[in-house]
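As the structure is a computational prediction, the values presented were derived from the model and not from experiment. Just so it is clear: chains get the letters A, B, ... in the order the sequence lines come, proteins before strands, and each one is counted from 1.
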There are 2 protein chains.
Amino acid sequence: MDAAERLLITEGHAAISTRRVAEEAGLNHGLVHYYFGSMDELLVQVLERFTQRLIERQREMYGLEVPFIEKWRAAMSYLEADEASGYQKLWFELQALSWNRPELQARVARVNAEWRAVVTDAFTGAVQSYGLDTNAFPVPAIVSLVMTFNQGLILEGLSGVREGRDDLLNAIDRWLVSLEGGPA
Amino acid sequence: MDAAERLLITEGHAAISTRRVAEEAGLNHGLVHYYFGSMDELLVQVLERFTQRLIERQREMYGLEVPFIEKWRAAMSYLEADEASGYQKLWFELQALSWNRPELQARVARVNAEWRAVVTDAFTGAVQSYGLDTNAFPVPAIVSLVMTFNQGLILEGLSGVREGRDDLLNAIDRWLVSLEGGPA
DNA sequence: TTGGGATTTAGTCATATGTCTAATACAAGT
DNA sequence: ACTTGTATTAGACATATGACTAAATCCCAA
């Protein structure tokens, strides 16, 4: 599974085969069948394991009792660290895989839902402590905006697009700092 | 190329082969080599053609001299129409393909840049006519936010995630309507 | 009507792939 | 030392694939 993850990161799901994975792992290709039954099942379990890890990480982040702006900055710093580590590539390759495998979609949706739950909690707290007006922009709308813009940033990153990225992140950070002043 | 696009939409780039494309097109598989030289070149040309079409469409949208909110609503209605037509699936499959083919990345980046140019023009106009304060949130930041959130929405759509989508789109629409009242 | 280039076909070739099996190596406990 | 179940290997098998070719067919302009 580690070898499969490495290959997903470096070559993508289209390039994965039993023999390729075995070579990467330094093992015999028959073992894929012995341990997983099929190539597909290996990929399913990679997604499964990824899901569990991500959920764990998010539970941790959620548990911290720190000011909202710290959570935000932590999340934004993940954005860079995860790009460097290949974590995002792995996640997006698994998503791309699921586009054509209905049986995997539910699991991808679950990761999304877990993530959404964390973001929702964080922003529910932020909206209260900042005293923001949620009539015009209710929390679910904010959460959706944050989730989607985040995924869009990752996607652009995978294509090497950096334009406007810092402008946006800086603007948001400035705005959050200005909110720290008091209710608005 | 039409057949290849259909297969990208229905089965993804990993499932494409000369014989599969030929079967879909009702032609002999040798023709892929005859006309394109290789399977890779076919996909490159599909991306090429997609790029040209998208640029054309955006030039059209950009040409219209209508109030900003109309442009916005047109763009948002594309979001649904393109989902139904498979256009987004095609575009994202091509992007996923480019993640592992450096020679395609420049072209994907170009599509992104063209799109960004259109959005930038539209929002430069909007910011002026609405009299928005661009100190806190400069146009490049707004553009980046709009681009990324849009792509994130598409991505979620491909995974069947709908949560928060309407909340967000409605909130934005309401906000734009409120801006129509006058400078704020 | 016909000549010749463009198109299309059927098929070859080497290689790659997923699945599966028989045989062997190994480690742990008795 | 011996047994037993797990781990690992080498390899078989049918099928799929990309690349390529020789031959057939088509179509149009002369």
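- Set against C:dT7, C:dT17, D:dT17, the side chain of A:Arg19 has C:dT17 as its closest nucleotide.
- Applying the 4.0 Å criterion to OP1 and OP2 of C:dT17, one finds that A:Ser17 has a side-chain N or O inside that range.
- No engagement by A:Phe36 is indicated, since no non-hydrogen atom pair under 4.0 Å with the nucleic acid exists.
- Partners of A:Asn170 by side chain to side chain donor-acceptor pair (under 3.5 Å), not counting sequence neighbours: none found.
- With 3.5 Å as the limit, one finds no donor-acceptor pair spanning the side chains of B:Glu56 and B:Gln52.
- In the set C:dT9, C:dT17, D:dA19, C:dT9 carries the atom at the smallest distance from any side-chain atom of B:Asn28.
- Counting heavy atoms from C-beta on, the side chains of B:Arg73 and B:Ile69 come closer than 4.5 Å.
- Of the two residues near DNA chain C, A:Arg20 and A:Leu31, the one whose nearest nucleotide lies more 5' is A:Arg20.
- Among A:Leu47, A:Asp82, A:Thr51, A:Ile154, the single residue meeting the side-chain contact (heavy atoms from CB on, under 4.5 Å) criterion with A:Trp91 is A:Leu47.
- Residue B:Tyr35 contributes atom OH, which lies 16 Å from atom P of C:dG5 at whole-angstrom precision.
- Looking at heavy-atom distances under 4.0 Å, B:Leu42 makes no contact with the nucleic acid at all.
- Separating the NE2 atom of A:His29 from the C1' atom of D:dA7 is a distance of 16 Å, rounded to the nearest angstrom.
- Rounded to an integer number of Å, the gap from A:Glu23 CD to D:dA10 P is 14 Å.
- Close to C:dC20, at under 4.0 Å from its OP1 or OP2, lies a side-chain N or O of A:His33.
- B:Gln151 and A:Glu156 are linked by a side-chain donor-acceptor pair at a separation below 3.5 angstrom, with hydrogens and angles left out of the test.
- Side-chain nitrogen and oxygen atoms of B:Thr18 include at least one within less than 4.0 Å of the OP1 or OP2 phosphate oxygen of D:dG18.
- For the pair B:Met39 CE and D:dA16 C1', the computed distance is 14 Å after rounding to whole Å.
- For C:dT19, neither phosphate oxygen OP1 nor OP2 lies less than 4.0 angstrom from any side-chain nitrogen or oxygen of A:Tyr34.
- Straight-line distance from the CG atom of B:Leu27 to the C1' atom of C:dT8: 9 Å, rounded to whole Å.
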